[in-house]
> 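Once you've had a glance at the structure underneath, I'll fire off some questions.
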Amino acid sequence: MSTIQLRTEIPGPRSRELMARRAATVPRGVANLTPVFVARAEGAVIEDVDGNRLIDFAGGIGCLNAGHRAPRVMAAVRAQLDRFLHTCFNVTPYESYIKLAERLNTLVPGNFPKKTLLVNSGAEAVENAVKIARCHTKRPAVICFEDGFHGRTLLALSLTSKVHPYKSGFEPFVGEVHRVPYAYCYRCAFSLNYPSCEIHCAQHLEDTFRRVVDAKSVAAVIVEPVLGEGGFVTPPAEYFRILAEICRRHGILFIADEVQTGFGRTGKFFACEHYGVEPDILVSAKSLGGGLPIAAITGRAEIMDAAGPGGLGGTFGGNPLSCEAALAVIETFEQDDLLVRANRLGERFVTRAKSWQDHWPLIGDVRGLGAMQAIELVRSRESREPAEEETKRVAVFCYEHGLIALSTGTYGNVIRVLAPLVVTDEQFDEGLDVLEAGLASVGGTSTRAFSRAP
Ligand SMILES: Cc1ncc(COP(=O)(O)O)c(C=O)c1O
């Protein structure tokens with residue numbers, strides 16, 4: 001039986017009514033990617049306020065790798081509800097914060113003593129990582145990347161690359177932020193080809209120290225191991241080892257922003273593990289909390305201890321419900337083999353997407369790591385002109401037919417998969433059927449041309 005069940009057109013009457021109230025009461029700057037209001041959710045399925053059932057390939061933008069209402073998360077949160085809700089860790093601490101820090105200090109790659117600070121959001125974690133790096137190195141500058149995304153608060157936004165809609169109108173930005181090209185092989189900034197390029201884009205950092213900023217002034221390089229909002233761009237294997245080595249040579253800290261790549265999405269707890277790099281500081285958030293707000297900054301103990309007492313923290317950082325939820329998320333990954341599942345889902349997607357790519361010029365690139373997978377849509381294979389309008393139409397087609405799917409990328413021409421890893425094979429295939437039909441409707445050929453994975 002199909003999971004998708006549509007009782008009304010999407011959006012239904014109740015969702016449309018709520019959208020009208022929303023327009024009158026909530027600023028338009030808070031975008032809504034789908035006009036569907038949620039009534040309840042479970043696993044990888046969302047039921048809307050009109051009684052329609054949709055498959056969720058968005059996971060609240062990568063926050064639900066362990067699934068909607070993961071049973072262990074629900075039980076842990078319920079138990080905590082009966083104990084206490086808030087005391088502020090800075091005032092009267094509690095054990096779950098310590099337990100979570102201990103778990104993260106072990107899970108984050110790097111065979112050295114580590115410490116973890118807990119905060120509320122990805123952007124807040126990025127801000128703290130940079131504060132700590134500056135405090136430790138006593139240097140002001142930060143290097144970030146074209147097409148990178150690090151959040152919407154002012155320092156995080158200064159590190160974020162995409163102008164529209166994120167940066168335009170919010171100037172001036174924080175000083176001492178310098179941006180360099182990323183390893184976006186499909187659209188190489190240097191018009192080179194891998195592997196003959198010899199990873200020029202990573203080596204180029206040395207040039208930046210001659211042309212743009214003195215290496216001795218740079219506190220940190222902050223980078224996403226796979227670009228999230230930048231279009232799931234996945235660098236070649238050697239890229240991060242070269243970057244990390246250049247950083248080490250100059251006493252610059254290597255900060256991995258694993259807010260979107262983290263927590264099992266890529267088939268390892270952290271994407272850095274694929275690349276064999278041990279960041280000095282790693283930032284995680286999103287799926288760490290299983291749907292509750294929490295973020296972590298984990299790093300070398302001596303670096304994390306740079307700031308004096310009171311220099312770090314916040315009222316709600318590492319709140320008890322979120323800590324319990326995060327511990328339950330880790331247990332769920334371990335008990336239910338969700339890392340293995342992430343890799344299986346990734347393979348399932350790639351098989352299907354490559355068959356689309358073989359037949360449809362619209363699919364320019366298929367890329368990703370584990371279950372963090374995407375397709376980049378282009379008007380022509382030769383020009384690689386971004387098919388932004390077509391991508392928007394595919395996303396609309398998808399929700400109208402019962403699949404919540406998100407676009408991404410600087411050019412808005414990438415469709416990404418962030419389905420909860422607990423999605424069943426049948427649900428996943430059903431979602432891909434809708435996506436395939438959406439692609440067919442904007443420039444492919446007839447639908448159902450391609451067979452499902454066995
Ligand atoms: C890589 C990365 N860093 C930081 C952030 C900001 O996280 P938040 O929205 O929780 O502030 C995001 C959000 O999408 C992200 O993908």
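Each ligand, and each atom within it, is numbered from 1 in the order the structure gives.
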> For Ser96 and Cys323, work out which heavy atoms get closest and say how close.
OG-CB, 3.5 Å
> Arg72 and salt bridge (charged side-chain N to carboxylate O under 4.0 Å, His left out): which partner among Glu334, Glu331, Glu324?
Glu331
> Has His136 got a side-chain atom pairing as donor or acceptor with Ile132's backbone, closer than 3.5 angstrom?
no
> Any Lys/Arg nitrogen of Glu245 or Arg249 sitting under 4.0 Å from an Asp/Glu carboxylate oxygen of the other?
yes
> For Thr410 and Phe149, run side chain to side chain contact (heavy atoms under 4.5 Å, CB included): C-alpha distance rounded to whole Å, both residues' side-chain angles, the deciding distance at 0.1 Å, then the answer.
CA-CA 10 Å; Thr410 298; Phe149 183 90; over 6 Å; no
> Tabulating one pair per line, provide the atom names and distances (0.1 Å) for every N/O atom of ligand 1 that is less than 3.5 Å from a protein N/O atom.
{"from": "ligand 1", "atom 1": "3 (N)", "to": "Phe149", "atom 2": "O", "distance (Å)": "3.4"}
{"from": "ligand 1", "atom 1": "3 (N)", "to": "Asp257", "atom 2": "OD1", "distance (Å)": "3.3"}
{"from": "ligand 1", "atom 1": "3 (N)", "to": "Asp257", "atom 2": "OD2", "distance (Å)": "2.7"}
{"from": "ligand 1", "atom 1": "10 (O)", "to": "Gly122", "atom 2": "N", "distance (Å)": "2.8"}
{"from": "ligand 1", "atom 1": "11 (O)", "to": "Gly122", "atom 2": "N", "distance (Å)": "3.4"}
{"from": "ligand 1", "atom 1": "11 (O)", "to": "Ala123", "atom 2": "N", "distance (Å)": "2.8"}
{"from": "ligand 1", "atom 1": "14 (O)", "to": "Lys286", "atom 2": "NZ", "distance (Å)": "3.1"}
{"from": "ligand 1", "atom 1": "16 (O)", "to": "Gln260", "atom 2": "NE2", "distance (Å)": "2.9"}

> Checking ring-ring contact (aromatic ring centres under 6.0 Å, His included) against His200, which of Phe190, Tyr194, Tyr239 comes through?
Phe190
